[in-house]
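Here's the structure, in structure tokens; my notes come after.
Per chain, numbering begins at 1; letters A, B, ... match sequence-line order.
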Amino acid sequence: MSEDLNFVMKARREKLAALEAAGIAPFAYGFDVTHDAGSALRALAEGAEEGPVVRVAGRLVAWRPHGKTVFGHLADQWSRIQLYFRRDDLGDQVFTLVDLLDLGDVIGVSGPLFRTRTGETTIRVESVTLLAKSLRPLPFGKEERQDDRLVRHSGFADPEQRYRQRYADLAVHPEVRRRFVARSRMISAIRRQLDGLGYLEVETPVLQPQYGGAAARPFLTHHNTLDMPLYLRIADELYLKRLVVGGLERVYEVGHDFRNEGIDRTHNPEFTMLEFYEAWADYGVMMSRVEQLLVAASDAVRDVLAPERIPAAERSVLPDESHPAMPVLRPPFPRVEWVPSLHAAAGVEVMALDTPGLRGVAERVGVHGVADLSRPKLLDEVFQALVECRIEDPTFVIDYPKELSPLAKPKRGNPELTERFELFARGKEVANAFSELNDPIDQRARLEAQARLKAAGDEEAVGVDEDYLRAMEYGMPPMGGVGIGIDRLFMYLTDAANIRDVILFPTMRPE
RNA sequence: GACCCGGUAGCUCAGCUGGUAGAGCAACGGACUUUUAAUCCGUAGGUCGCGGGUUCGAGACCCGCCCGGGUCACCA
């Protein structure tokens with residue numbers, strides 16, 4: 001073991017041994033705190049030179065010994081405060097502990113606040129408790145303050161290591177901690193919003209004997225005792241709708257879906273999906289639900305990340321470049337109809353074209369491999385190329401062609417279309433919703449068509465879920481349903497470029 | 001899956017047309033009782049992603065592989 005340790009780690013092991021020899025426990029059970037770093041900073045009154053005694057715990061993130069004194073900085077979740085250790089105040093015995101401290105150690109301190117010559121609020125440490133010895137050096141960079149701006153030098157920059165060792169990324173980067181707090185607050189706000197509308201949060205199976213509700217390749221696993229295959233869900237949809245059949249009229253679920261497909265900057269094999277279903281509502285009602293929800297989500301994110309809302313003590317530890325550009329949402333969002341917007345963008349009646357003509361249009365707008373694509377797929381690709389990817393501000397695209405939307409009810413007054421909308425922003429899909437199909441005869445026909453595709457080798461097609469059809473045959477209330485990809489929504493609200501930046505532990509190959 | 005870029009000390013990086021591996025920070029020893037990228041003196045620290053090949057000699061050149069980042073494709 002010890003030959004695996006580099007020299008830095010060896011030095012820390014030696015300090016650990018020295019601490020134990022001195023009777024100092026290197027790993028504590030707890031510490032009574034009176035303040036966090038931010039409230040301690042505020043406890044020294046403006047202009048005052050001396051303040052109350054505070055007890056603060058955190059991690060040593062800076063360490064500047066000067067002979068018989070040491071200056072350091074102690075960081076907690078939100079902020080940091082300077083520590084001043086003075087041999088004459090602490091005594092030789094306590095100072096031996098101070099001499100054995102390292103960058104990264106978790107400690108608790110107690111002492112009065114004072115203001116240094118340069119004006120920085122500081123704890124004059126009177127007692128130190130080691131809470132956890134850091135035996136492995138954290139990749140701290142150095143920080144410099146330039147005209148009130150925080151500039152990092154030689155920081156922890158390798159994206160691979162930051163994703164693999166998120167704990168280290170979080171430990172040395174307060175702005176990363178803050179980003180994930182914002183994500184959590186966003187999800188809480190969404191729950192509050194739905195709870196306030198009388199929705200019930202439910203949990204449906206992740207392990208499913210039959211997957212459905214979307215088109216994707218699933219993960220397959222096996223249950224030993226039942227000796228049967230089980231799939232990780234690709235969507236929550238079919239179970240949530242069963243609950244509406246059962247009389248739970250407003251239900252939602254926030255959870256992980258799993259899709260066995262590629263990994264790139266907008267795809268992770270497991271991702272967080274919100275789905276909610278509301279009996280008696282159609283897609284028009286669901287549009288206003290989505291607007292309300294997005295405003296609540298955006299406000300929650302802004303509360304954590306908008307620089308003007310961050311207390312000064314917390315803002316001072318964030319590099320300027322870590323403040324994301326956040327969109328301002330102003331509902332009602334514009335609505336554009338699928339067919340007219342496509343025709344306007346294409347300058348031709350695309351829907352009237354035969355399939356070869358459609359291929360020509362698709363080729364012209366840069367769609368690849370048009371020869372292999374079905375008509376619905378071609379339509380979708382052309383729409384994506386001409387309309388979707390140009391939508392900047394949140395916009396509902398409504399009334400999709402029937403051939404594109406096998407799960408949506410036909411549009412009242414125009415059976416060629418469906419009552420479906422998708423919300424787009426920055427060229428990306430944020431929400432997808434329907435007036436849900438509740439006709440079991442129609443549903444069976446569509447599922448059987450899917451099953452034929454699956455039998456023909458389409459790995460994304462789903463089979464006939466007889467249990468789901470049985471539920472629908474009992475009578476399924478009309479309902480609106482919405483799916484929102486939480487990771488993508490948070491990416492949009494925080495201007496993130498890579499889904500890995502919004503997932504704490506993204507899927508990686510093993511080291 | 002295709003293409004481009006990258007992998008060198010704990011961290012951030014340099015290393016020229018091939019000639020025995022470098023810096024800053026971190027670490028260790030010393031000086032320093034209000035510093036803040038502390039400063040000053042000294043020391044130590046490396047399987048140059050892995051495996052082959054070319055060569056008198058490879059971190060560098062060639063082939064294969066692994067890992068990551070980016071772009072594109074796929075993901076109705």
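For B:U47 and B:U8, the C1' atoms lie 12 Å apart once the distance is rounded to whole Å.
Across all strands shown, B:G6 forms a Watson-Crick or G-U wobble pair with B:C67, both key distances being under 3.5 Å. Pair assignment for B:C72: B:G1, on the basis of Watson-Crick or G-U wobble contacts that are both within less than 3.5 Å. Base pairing of B:C11 is made with B:G24, judged by Watson-Crick or G-U wobble geometry with both donor-acceptor distances under 3.5 Å. Base pairing annotation: B:C61 forms a Watson-Crick or G-U wobble pair with B:G53, both donor-acceptor distances under 3.5 Å.
Note on ring orientation: taking the six-membered ring where Trp is involved, the planes of A:His66 and A:Phe71 are perpendicular (angle over 60°, cut-offs 30° and 60°).
Here A:Lys142 reaches the OP1 or OP2 of B:A38: one of its side-chain N or O atoms lies under 4.0 Å away. OP1 or OP2 of B:U35 has at least one side-chain nitrogen or oxygen of A:Arg117 nearer than 4.0 Å. Residue A:Asn432 has no polar side-chain atom (N or O) positioned under 4.0 Å from OP1 or OP2 of B:A76. Of the side-chain N and O atoms in A:Arg152, none sit less than 4.0 angstrom from OP1 or OP2 of B:A37. OP1 or OP2 of B:G68 sits under 4.0 Å from a side-chain N or O of A:Arg164.
Listed by chain and residue number, nothing satisfies the salt bridge (charged side-chain N to carboxylate O under 4.0 Å, His left out) test with A:Asp264 (two or more places apart in sequence, or in another chain).
For A:Arg86, the listed nucleotide lying nearest its side chain is B:U33; candidates were B:U33, B:U34, B:G69.
The base of B:C11 has none of its N or O atoms less than 3.5 Å from a complementary donor or acceptor on the side chain of A:Asp158.
Ion pairing between a basic and an acidic side chain is recognised when a charged N comes within 4.0 Å of a carboxylate O; A:Glu363 and A:Arg359 show no such pairing.
Legend: salt bridge (charged side-chain N to carboxylate O under 4.0 Å, His left out) pairs involving residues 36-54 of chain A, not counting sequence neighbours, sorted by first then second residue: A:Glu50-A:Arg124.
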